[in-house]
Structures are given as C-alpha cells and as structure tokens.
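Take a look at the structure below.
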Amino acid sequence: MRMTAPPEHRDTIFALATAPGVSAVAVLRVSGPRARAAMRALSRRDDDPAPRVATRRTLRAPADGAAFDDALVLWFPAPRSFTGEDVAEFHLHGGRATCRAALSALAAMDGLRLARPGEFARRAFDNDRLDLSQVEALADLIEAETAGQARQAMRQLESGLGTRCEDWRRRLLEARAHAEAEIDFPEEDLPAGLAAALALRLVALEAEIAACLDDGRRGERLRDGFSVAVLGPPNAGKSSIINYLSGAEAAIVAAVPGTTRDVLEVDLDLGGWPVTLADTAGLRALGGSVDPGQAEVEREGMRRARRRADTADLRLVVLPADAAAAALSDPECAPLLDRSAILAWNRVDLVPGAQLPPHPAGGEALAISALTGAGMDRLAAAIEARAAAALGGQAREPAIITRARHREALEAARRGIARAREAGAPELLAEELRAAGEALGRITGRSGVEDMLDVLFSSFCIGK
Ligand SMILES: Nc1nc2c(ncn2[C@@H]2O[C@H](COP(=O)(O)OP(=O)(O)OP(=O)(O)O)[C@@H](O)[C@H]2O)c(=O)[nH]1
Ligand SMILES: [Mg+2]
C-alpha cells in the first residue's frame, strides 16, 4: 500500500528542470491540481495552449502585471504527462533574474510549493506512469557518460525489465491460483492433469528467469564501467600511459621510482564503452636503503595496487622494454601475468628494433611507447575489445539486469520457484509462489519497497 496522499489532496509542485546557473533556455515545470491556474496566472490569460504544443506567451508577474519574459509554454493535461498530473512547462530565457521572477511568482501562489528532490519522479511512480526500474533507468540516463550506458538506460526506460517482471509475476499468480484450487477442492473435482500442467509452467518460468540471470553481469558492468588495473614495477611508465590514453595530465609522472602511491582512477570512453583505468603504485621489493617512513607509505600503496589487481576486470601489466629480461623474472610483477592479462612493453623508443619476449602465459603482448605514442592506438583498441567482450558480449540480447538489487530479487524469485517445484503440499507450494511473486514485485516497486523509495527518490534530482 502506498503511503502517499490521494491526488486531489496534493500540493502543486514546481522546480527548474534544468541545471541551475545562466543558460540560453531554462525549463520550469509545474505539476499538480493547480498547474493550470498557475499557467493562466503567469500568462494572464484564461485560455489554455493546445495540449502538448509549444505556444508562445508573454509571462507577467501576477502582482503588478509587469512582463518578465517572452516564453514557450507547454500544457500537458492529466493523465498524459510525465507525472500523470496536470503539468505546465515553461521554457524561459535562462537568465538569473528571469528564473527568479518566475519562481517567486509561483511561490506566492496558493497551494504551490517548490518540489523536493526527486518529487516529480516520485509522482510519476505513484501514478503508475513509471515503475521503479524505469525511475532507476531515468536516473541512469541522466548520469550516462557513454553511448553504451545511454542505450542501456533507454532500453530499461522502455521497460525491458519491468515488463518482463510483470509478466512473470502475472504467471506466478496464475500458478498460485492453480495451487490454491488444489487446497480448496477435493482432487476428484479438479480437471485431470492440473498438477502436471502447473509443474510445466513452473519449469518454464524458472528457466526464463535463469536465462535472464545468466548474462555475465553485463548490464551491471556497463553501468559501473569496465575496470582496468594498470600494474607493474616503478618507473615502467604506468602513469604516463594513463595520461596518454586519457589525453590529460591526470597522474603525476616523474623519473623518481615510487611516484604513484595511492590508486588513482581515470574514466574513459573507449568506442562507447565506459572504462575506468586505475593507476597504481609500482610493485618492487623494498631494500634496506629506503627510508623507513617512505617504505611504510610505499608498502601501503603496493597493498592497494594488489587489491585492485584482484578486483579489476582486466590487468594491464606494464614492463620496461629496456630491461625486459629482468622485468620478466621480477618476483613482484611476473605472477600478475596470467593468460588474461595484457602485457605492455613500454619505452620501446629506448630499444629500437629490439626483439621483445612474448607473453609468458601465452596472452596478448604489445610494444608501446607512452613517450612517442608508438603502439598506443593498438593498446587502446586491445582494451576496447576486452571491454566490448565483457560488457556487450556475443549475446544477441542485451542484458536487462542493471543493478545488484534486480539480481538479488530475481535470484530470490528463481530460488522460490525451485523450492515450489520441490514442495509436496499445495499449501507450501502456494506460499513459495507468493514469496517469489513478491520478490519480482520489488523490482518494479509494486511490493515491499516502501522503505527504499524515499532513499531512491531523494538521490534522484537534476544538478545534484
Ligand atoms: N623514454 C621513455 N620514457 C618514458 C616512457 N614512458 C614513461 N617514461 C618516463 O619514465 C618515467 C616514469 O614514468 P611514470 O609514468 O611516472 O612511471 P610509473 O610506472 O607511473 O612509475 P611509479 O608511479 O613510480 O610506479 C618518467 O620520467 C616518464 O617520462 C616511454 O615510453 N619512453
Ligand atoms: Mg606512476
């Protein structure tokens, strides 16, 4: 059950939909039962623009009738609006004085107040214009930094996940009705083969959900980005490579070994895939000649580097081409080179024409120079190919799970259905199906999520 007030008791809310600050155009939205009155008061007219057609209007301060903007007004009568309520949208000139004049005129009107963060989306959800997975998709779309992320958010907004979940939930309800018929009626009164039909339905449902879960976590990874740990001995040129690839002086580069201490992350867009490169501290055995205080900091840096190596989607191991043999036998770095790691021989400009050893585990190896740029295109392409394989995969169907929350709920539903199939008594079976349906409802926000709604909606606002 929703805890929100019924629509007729609701305040009318307003807020700028565009980021604060000076802009050519600023969009101001008003939603609620008094949106029409507000629109008429601001334009000092008692006719409404045609619904959903941009209409030019002079806006005037209701107090003294002074014109403050020549604006476009859009009128979306309920229920065909973003929130499902009456919505008026003003496309103002985005100067500070203009926005302030419009906002203070609205604030002075009865029954109107400034919207809280996420309140428009909350109303869209309450009025069934969006399910929870679509609200999340909208937040993802606004935050998307790469084309791939935006496409995924669009798919979810178009309700890839929500529609599937509602379909599964409906079928679970039907299955439950079957199970309950078995509880309520003696066996001889029921059509023959009912139990067998129910079992078949459950097998199909469980298989569909399992197939959706078996997506290599591509959706979540695309949302979070593909993580690459850049590892290697001090002075190999790790920071230089990151700066080169990001086209920025993000990391400090110096001839002093042990320059990078903490893990520094740089986000890149490689061919539309979001990639996070993590620069790490060079790995080396610390001899007695290193100052004890320095050694302590460096040791912590190396501990963090190794932790990152364990959690990254890809290891890029950078070794100096001008000391190739020594680097390959270095006990600190050599173990990082498993078959999946990319080996980059850097500083090839120092050893022109040298024959470099292959990847010790038979993986991919490249010769590069972060100084001259030689081979850097191939390195970027190699990382992009790995990201594309991990995030896009060979699958024909895009992943529809984009958050751990979705995965947990789907796992719970799948487990519930599996248990239902094992259940002997129809009462038990019905109970498992009820719980599985509830788990699916958590994804669309149609059951058991009251506690998380406030958190979600308050984190969701423009220009936060
Ligand atoms: N000749 C040459 N020098 C390079 C190349 N790449 C980096 N360097 C130089 O090598 C030195 C170390 O580079 P960094 O990028 O700081 O190396 P790092 O691996 O990040 O080192 P730490 O942070 O100390 O672990 C700097 O003086 C760079 O200018 C290269 O391809 N060729
Ligand atoms: Mg460095």
Side-chain angles (χ1 to χ4, degrees), residues 227-268 275-287 289-310 312 314-337 341-357 359 364-383:
S227 65
V228 182
V230 183
L231 304 153
N235 254 354
K238 302 178 294 297
S239 302
S240 305
I241 291 171
I242 286 179
N243 288 348
Y244 188 98
L245 290 175
S246 65
E249 298 296 311
I252 300 172
V253 166
V256 191
T259 302
T260 304
R261 295 296 174 79
D262 212 340
V263 175
L264 182 123
E265 290 190 343
V266 179
D267 294 326
L268 296 183
V275 173
T276 303
L277 297 180
D279 191 9
T280 65
L283 299 169
R284 62 167 168 173
L286 291 176
S289 61
V290 182
D291 172 81
Q294 291 295 315
E296 197 182 324
V297 180
E298 210 175 320
R299 211 168 280 124
E300 176 59 22
M302 289 196 268
R303 205 176 60 76
R304 293 181 186 196
R306 291 188 191 285
R307 202 166 56 203
R308 188 52 70 107
D310 290 339
L314 170 67
R315 296 175 186 178
L316 172 62
V317 180
V318 182
L319 299 178
D322 51 319
L328 273 186
S329 57
D330 175 0
E332 299 295 323
C333 297
L336 296 170
L337 278 166
I342 295 180
L343 165 57
W345 289 114
N346 188 35
R347 302 157 74 107
V348 287
D349 55 291
L350 296 177
V351 283
Q355 188 68 34
L356 290 162
H359 191 301
E364 197 172 359
L366 297 157
I368 61 167
S369 167
L371 195 69
T372 65
M376 292 302 281
D377 284 354
R378 271 182 291 125
L379 176 61
I383 298 173

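One-based numbering, in listed order, for ligands and for the atoms of each. For clarity, every value in this text was computed on a predicted model and none was experimentally measured. All values below come from the heavy atoms of this structure, side chains included, with hydrogens, waters and symmetry mates left out.
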What are the atom names and distances for all N or O pairs under 3.5 Å between ligand 1 and the protein?
from     : atom 1 : to   : atom 2 : distance (Å)
ligand 1 : 1 (N)  : D349 : OD2    : 2.9
ligand 1 : 6 (N)  : N346 : ND2    : 3.2
ligand 1 : 10 (O) : R347 : NH1    : 3.2
ligand 1 : 15 (O) : S239 : N      : 3.4
ligand 1 : 15 (O) : S240 : N      : 2.8
ligand 1 : 15 (O) : S240 : OG     : 2.5
ligand 1 : 16 (O) : A254 : N      : 3.2
ligand 1 : 16 (O) : A254 : O      : 3.4
ligand 1 : 17 (O) : G237 : N      : 3.2
ligand 1 : 19 (O) : A236 : N      : 3.2
ligand 1 : 19 (O) : G237 : N      : 2.9
ligand 1 : 19 (O) : K238 : N      : 2.9
ligand 1 : 19 (O) : K238 : NZ     : 2.8
ligand 1 : 20 (O) : S239 : N      : 2.9
ligand 1 : 20 (O) : S239 : OG     : 2.8
ligand 1 : 21 (O) : N235 : N      : 2.9
ligand 1 : 23 (O) : T260 : N      : 2.8
ligand 1 : 23 (O) : T260 : OG1    : 2.8
ligand 1 : 24 (O) : G258 : N      : 2.7
ligand 1 : 24 (O) : T259 : N      : 2.7
ligand 1 : 25 (O) : K238 : NZ     : 2.8
ligand 1 : 25 (O) : G282 : N      : 3.2
ligand 1 : 31 (O) : N346 : OD1    : 3.2
ligand 1 : 31 (O) : R347 : N      : 3.4
ligand 1 : 31 (O) : D349 : OD1    : 3.3
ligand 1 : 31 (O) : S369 : OG     : 3.0
ligand 1 : 31 (O) : A370 : N      : 3.0
ligand 1 : 31 (O) : L371 : N      : 3.3
ligand 1 : 32 (N) : D349 : OD1    : 2.8
ligand 1 : 32 (N) : D349 : OD2    : 3.4

Does this structure show an ion pair linking E298 with R303, if we count only N-O contacts that are shorter than 4.0 Å? no
Are R347 and D322 within salt-bridge range, i.e. N to O under 4.0 Å? yes
Whether T280 has an N, O or S atom under 2.8 Å from the Mg ion (ligand 2): no
May I ask you to check whether T260 brings an N, O or S atom to under 2.8 Å from the Mg ion (ligand 2)? yes
Salt bridge (Lys or Arg N to Asp or Glu O under 4.0 Å) against D262, all qualifying residues, sequence neighbours excluded: R304
To check you understand the geometry: which heavy-atom pair defines the closest contact between T280 and K238, and what is its length? O-CE, 3.3 Å
Taking all non-hydrogen atoms of both residues, which atom of E364 and which atom of H359 are closest, and how far apart? O-CD2, 3.3 Å
A side-chain contact here means heavy atoms from C-beta on lying under 4.5 Å apart; do L277 and S246 qualify? no
Count the heavy atoms belonging to other residues, nucleotides or ligands that lie under 6.0 Å from CD of E296, then report whether that count exceeds 12. no
